[in-house]
Amino acid sequence: MSEQPTPGELTSTIHLSALRPEGNFGSSLESLSAQEREVISALPEGSAMLIGLSGPGKGARFLLNIAHTSVGREPSSDIFLDDVTVSRKHAVVEHSIGSAYVVRDLESLNGSYLNGQAVAESALAQGDEVQFGKFKLTFFVKGS
């Protein structure tokens, strides 16, 4: 039998979904399987890839080979992530010759995260973990 709150008692709800354990971000190539290391080593110099190393996208590989790679639940997205935690037009990964790869959130409902921190826009570095909804993808670039 549950207790009834007394009149005037304040109650609140705490959402713990935003809390994450501190992770070991900055995965190195050594954490990859031999096949994944082979795929990355075959990339042209300066090319990049997002790889799902855990969670629902484990094993997925997404080549970042165009200037604007769209990410979202929309089937026409360059990186199609089919889950309600991902907005239809969630984010974009941008790159131009001679510049860094950049992830930019497109005002998605659940946000985009880089190494566990919400970001609107941020440069990507070797081994960074990018999260869109419940999909966690690790960034690898050839020549880094």
A.B. asks: Are the side chain of R73 and the backbone N or O of V86 linked by a donor-acceptor pair below 3.5 Å?
C.D. replies: yes
A.B. asks: Is there a donor-acceptor pair closer than 3.5 Å between any side-chain N or O of K142 and the backbone N or O of A48?
C.D. replies: no
A.B. asks: Enter the distance from F135:CZ to S112:OG here, rounded to the nearest 0.5 Å.
C.D. replies: 13.0 Å
A.B. asks: Can you tell me how far apart CG (L137) and CG (D128) are? Round to the nearest 0.5 Å.
C.D. replies: 12.0 Å
A.B. asks: Might you work through the side-chain contact (heavy atoms from CB on, under 4.5 Å) test for R61 and E36, ending with a clear yes or no?
C.D. replies: CA-CA 9 Å; R61 295 183 215 147; E36 289 165 334; 4.3 Å; yes
A.B. asks: Roughly how far apart are F132 CZ and L81 CG, rounded to 0.5 Å?
C.D. replies: 7.5 Å
A.B. asks: Roughly how far, to the nearest 0.5 Å, is the CG atom of L53 from the CG atom of L32?
C.D. replies: 6.0 Å
A.B. asks: Would D78 and F62 count as a side-chain contact (heavy atoms from CB on, under 4.5 Å) here? Give the steps.
C.D. replies: CA-CA 9 Å; D78 299 314; F62 302 102; over 6 Å; no
A.B. asks: Of the non-hydrogen atoms in Y113 and N110, which two are nearest, and what is the gap between them?
C.D. replies: CE1-O, 3.3 Å
A.B. asks: Please check if the number of heavy atoms outside E107 that lie under 6.0 Å from its CD is greater than 12.
C.D. replies: no
A.B. asks: State the CD1-CG distance between I79 and L50, to the nearest 0.5 angstrom.
C.D. replies: 5.0 Å
A.B. asks: Report yes or no: does H90 contribute a side-chain atom to a donor-acceptor pair with the main-chain N or O of S70 at less than 3.5 Å?
C.D. replies: no
A.B. asks: Do the side chain of T85 and the main chain of K134 share a donor and acceptor less than 3.5 angstrom apart?
C.D. replies: yes
A.B. asks: Can a donor-acceptor pair be found, under 3.5 Å and without considering hydrogens, that links the side chain of Q131 to the backbone of G133?
C.D. replies: yes
A.B. asks: Would you give the length of the straight line joining atom CG of L63 to atom CE of M49, rounded to the nearest 0.5 angstrom?
C.D. replies: 5.0 Å
A.B. asks: Go through the steps to decide whether F140 and Q126 satisfy the test side-chain contact (heavy atoms from CB on, under 4.5 Å), and finish with yes or no.
C.D. replies: CA-CA 5 Å; F140 294 97; Q126 182 82 325; 3.9 Å; yes
A.B. asks: With H68 as reference, evaluate R104, H95, E94 under the side chain to side chain donor-acceptor pair (under 3.5 Å) test and give the passing residue.
C.D. replies: E94
A.B. asks: Are any side-chain N or O atoms of S108 and backbone N or O atoms of D105, one a donor and one an acceptor, separated by less than 3.5 Å?
C.D. replies: no
